[in-house]
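Heads up, the thing below is written out as C-alpha cells.
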Amino acid sequence: MSQIGIPKGTRDFGPEVMVRRNYIFSIIRKCFERYGYLPLETPSMENLSTLTGKYGEEGDQLIFKVLNNGDYLKDADDAALSQRDARKLSFSICDRALRYDLTVPFARFVVMNKNGLVLPFKRYQIQPVWRADRPQKGRYREFYQCDADVVGSDSLVNEVELIQIFDDVLTELGLSNFSIKINNRKLLTGLAALIGASERMMDMTIAIDKLDKVGLEGVEKELLDKGFNASQLEIIRKVLSIEGGISEKLETMEALLSSVDVAKKGLEELKYIFSRVEKVGVKKAKVELDLTLARGLNYYTGAIFEVKVNDVQMGSICGGGRYDDLTGIFGWPGMSGVGISFGADRIYDVMNELKLFPEELGATTKVLFTNFGENEELFILPLLRKVREAGIAAEIYPSAVKLGKQFKYADDKKIPWVATIGESEMANNTIALKDLKSGQQEVLTIDQLITKLSSN
RNA sequence: GUGGUCGUAGCUCAGCUGGUAGAGCCCCGGUUUGUGGUUCCGGUUGUCGUGGGUUCGAGCCCCAUCGAUCACCCCA
C-alpha cells in the first residue's frame, strides 16, 4: 500500500470531471456577465485579522490558519504557549489565513480601492475557499464558490436580479425541482425585539432554523434549553405556525410584528421583492418565503437567500443576502452590499446524481490521425496543422504502434473520428476517415475532411 | 468538537461457526501481422490499512492507531 495521498476533504479533479466542472463554471460565468458583473480575483491568503470576527464564533474556528515562516516562535505568546492554549497561541504565530468565503475578501478589496471604483460596483468571483470542517456528503475542506455581489446600492432591484440569476443558471444547468427560499433578517431582529431578547437573536434564529429538521416540538425544546420562557415561546410558535401562500404569510406577520419598526421595514422589503419577482417571472424555480431561514453568517442584515434542490439529499447549493455594513469594519461605513453564491461542488454532486450532464461533454479531440511510420508522419504533420487552423481539435498518435492499439486509444478517449493515411492514401492524396460510432469509412481529400468535421 | 459504519488485487466486491487468499472489470499478449467498441484463448497483480494481543493456527476474535464514509453541530 502506498502512503501518498491528499489532505482530508480535498480532491483531485481528473479530465472527465474537469470537463463537467468547467461546464458549470462557464454557465455561471456567462450569466453573471449577462447581468453586468465583472470578474475579480483575490489571493488565497488574507491577513488573519481581515477574516476573524466576520463569520460568528463557530465560523472563526473553521478558518485555516497559515503558520508564519522563519523563526515563528520568536514572537509567540508565552502565556498561551505554556498553557498549551492552541487557539490563543495561533494568533501570535499565524499572521495569515486561507480565505473562508469570497464576500469578506471582496469587501476588503472594495475598501482598499474605494477611490477607483465605479459605483455601484458589481463583481463576480469564482475561486476556491477553505474551511476546516469535518468532511461529509457535500461538504469539503476545499471547495469553489461562485459569487456575484454589488456594493454601493441600496436598491432592491439588485435582490430581484440576483434571484433571477439563481433561476437562470440552475434552469440552464437542467435542474427543475429547486426552491429559492427567501427571508429577511429584519424580521428575525424584530421578532427578537418583540419578545425582549434582542441580544439573544442568534440563539433564537439557530433554533428556529432547524424547524424542518426537528419539528416544532424540537425547536421549542431547544429554546427552552436555552432559557427562553413560555410567553416568548408562545409568540415564536405563532410565527412558526404561519401557513399559506406568500401574501398570506406576509399579512399574518404584519399583524404580529407591526409594532416593531425593524420588522415593518423588513416586511416592506420582502413585499417589494416578491412583487417584482412575480412581475418578471421565473423559469423553473419555486420562489418561497421561508420565515425560518436564518443563515449563520454574521454579516447579513437584510434579505437572505438559500437554494435547495428538492429531490436530492443535500444541503443548500446556493446562499446569499444583504449586508449593510461589511465595509464599515474595514473603515468605509454606509456601503450597503448584497450578493449570492453558488456552491459549484454541491451543484456538481447534485447534477451527477440526477444525471444532468450532457453526453457530448466528454469529447475534446475530434479526430485522431493514425501513425504508420516516419514517411506518413511527414505527410500528416502539415495536414494536421491545416485541420487545427480550421478550428478542429486534432491529434496524431505519437508512435507507429499496431493500428488496433491506435483505434483503441481513440475509442477509450471517445474521439469520434479516425483518419488513416498509409501508402495508398499518400499516393492518391486522400484520407480514409472512419466514423467510430457508425463504423462507416469513407475516402476524402483534406478539404473535404475539414468541411465535414467543421459542420459536425 | 460528538457519535455510527467500513478498510481484502489498479477498480467493484466475495471469503460460511478462526485452518497459511478468490470472482468480475481493467491491463497485457494471442486469435496469421492497415481498423476500435462485441466473441474466443492465455497471462500479470496482494506483508487482507498499520501496530500489538488471544490461539497450535487470524482476513475473520480483542485492543490501539491511521484512513474513508455518514449523521449531529455548523455550513456551499
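A, B, ... follow the sequence lines: proteins, then strands. Residue 1 opens every chain.
Among pairs with a residue in residues 423-442 of chain A, none fulfils ring pair (Phe, Tyr, Trp, His ring centres under 6.0 Å), at least two apart in sequence or across chains. Screening residues 21-33 of chain A for salt bridge (Lys or Arg N to Asp or Glu O under 4.0 Å) gives A:Arg21-A:Asp345 as the qualifying pairs, with residues at least two apart or on separate chains. Residue pairs meeting the ring pair (Phe, Tyr, Trp, His ring centres under 6.0 Å) criterion with at least one member in residues 159-181 of chain A, sequence neighbours excluded: A:Phe166-A:Phe342.
With both pairing distances under 3.5 Å, B:G51 is matched to B:C63 as a Watson-Crick or G-U wobble pair. Across all strands shown, B:U69 forms a Watson-Crick or G-U wobble pair, both distances under 3.5 Å, with B:G4. Under the Watson-Crick and G-U wobble criteria, each requiring two contacts below 3.5 Å, nucleotide B:G34 is left unpaired.
Considering every non-hydrogen atom in both A:Ala148 and A:Phe32, the closest pair reads CB-CE2, 3.6 Å. Nearest approach of A:Ile415 to A:Leu436, heavy atoms of both residues: O-CD1, 3.5 Å.
Across all strands, A:Gly315 comes closer than 4.0 Å to no nucleic acid atom at all (heavy-atom distances). A:Phe342 comes within 4.0 angstrom of nothing in the nucleic acid, heavy atoms only. Within the nucleic acid shown, A:Ile206 comes within 4.0 Å of sugar-phosphate atoms alone, with no base atom in reach, counting heavy atoms only. A:Lys434 comes within contact range of at least one nucleobase, with a heavy-atom separation under 4.0 Å. If you check every strand for non-hydrogen atoms under 4.0 Å, A:Gly59 touches nothing.
Remark: A:Arg108 pairs with A:Glu46 by the salt bridge (charged side-chain N to carboxylate O under 4.0 Å, His left out) rule, at least two apart or across chains. Applying the side-chain hydrogen bond (donor to acceptor under 3.5 Å, both in side chains) test to A:Lys137 and every residue at least two apart in sequence or in another chain returns nothing. When the salt bridge (charged side-chain N to carboxylate O under 4.0 Å, His left out) test is applied to A:Asp60, no partner is found at least two apart in sequence or on another chain. Under the salt bridge (charged side-chain N to carboxylate O under 4.0 Å, His left out) criterion, A:Glu377 pairs with no residue, sequence neighbours left out.
Side-chain nitrogen and oxygen atoms of A:Gln136 include at least one within less than 4.0 Å of the OP1 or OP2 phosphate oxygen of B:A71. At the phosphate of B:C74, OP1 or OP2 sits under 4.0 Å from a side-chain N or O atom of A:Lys210.
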Pairwise N/O distances under 3.5 Å, protein to nucleotides 4-6 of chain B:
none

Scan nucleotides 66-68 of chain B against the protein and return all N/O pairs shorter than 3.5 Å with their distances rounded to 0.1 Å.
| from | atom 1 | to | atom 2 | distance (Å) |
| --- | --- | --- | --- | --- |
| B:A68 | OP2 | A:Lys8 | NZ | 3.3 |

Identify all pairs in which a protein N or O lies below 3.5 Å from an N or O of nucleotides 25-27 of chain B, and state each distance.
| from | atom 1 | to | atom 2 | distance (Å) |
| --- | --- | --- | --- | --- |
| B:C27 | OP1 | A:Lys408 | NZ | 3.3 |

Could you go through nucleotides 31-34 of chain B and list every protein N or O atom that sits under 3.5 Å from one of its N or O atoms, giving the distance for each pair?
| from | atom 1 | to | atom 2 | distance (Å) |
| --- | --- | --- | --- | --- |
| B:G34 | O6 | A:Ser424 | OG | 3.1 |
| B:G34 | O6 | A:Glu425 | OE1 | 3.2 |
| B:G34 | N1 | A:Glu425 | OE1 | 3.0 |
| B:G34 | N1 | A:Glu425 | OE2 | 3.2 |
| B:G34 | N2 | A:Glu425 | OE2 | 3.2 |

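Between the OH atom of A:Tyr409 and the C1' atom of B:U35 there is a distance of 17 Å, rounded to whole Å.
Scanning atom types as modelled, one donor and one acceptor separated by under 3.5 angstrom connect the side chain of A:Arg139 and the base of B:C74. The base of B:G36 sits within donor-acceptor range of the side chain of A:Asp411, with an N or O pair under 3.5 Å.
With respect to the salt-bridge test (charged N to carboxylate O, under 4.0 angstrom), the residues A:Lys221 and A:Glu217 do not qualify.
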Just distance, no hydrogens or angles: give the donor-acceptor pairs under 3.5 Å from side chains in residues 169-176 of chain A, sequence neighbours left out.
| from | atom 1 | to | atom 2 | distance (Å) |
| --- | --- | --- | --- | --- |
| A:Thr171 | OG1 | A:Asp167 | O | 2.6 |
| A:Thr171 | OG1 | A:Asp167 | OD1 | 3.4 |

Begin with the C-alpha distance, continue with both residues' side-chain angles, and end with the deciding distance and a verdict on side chain to side chain contact (heavy atoms under 4.5 Å, CB included) for A:Thr301 and A:Asp325.
-> CA-CA 8 Å; A:Thr301 51; A:Asp325 205 27; over 6 Å; no

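A donor-acceptor pair under 3.5 Å is formed between the side chain of A:Arg99 and the backbone N or O of A:Pro43.
Between A:Tyr323 and A:Tyr299, the ring planes lie perpendicular to each other; the angle is over 60°, past the 30° to 60° tilted range.
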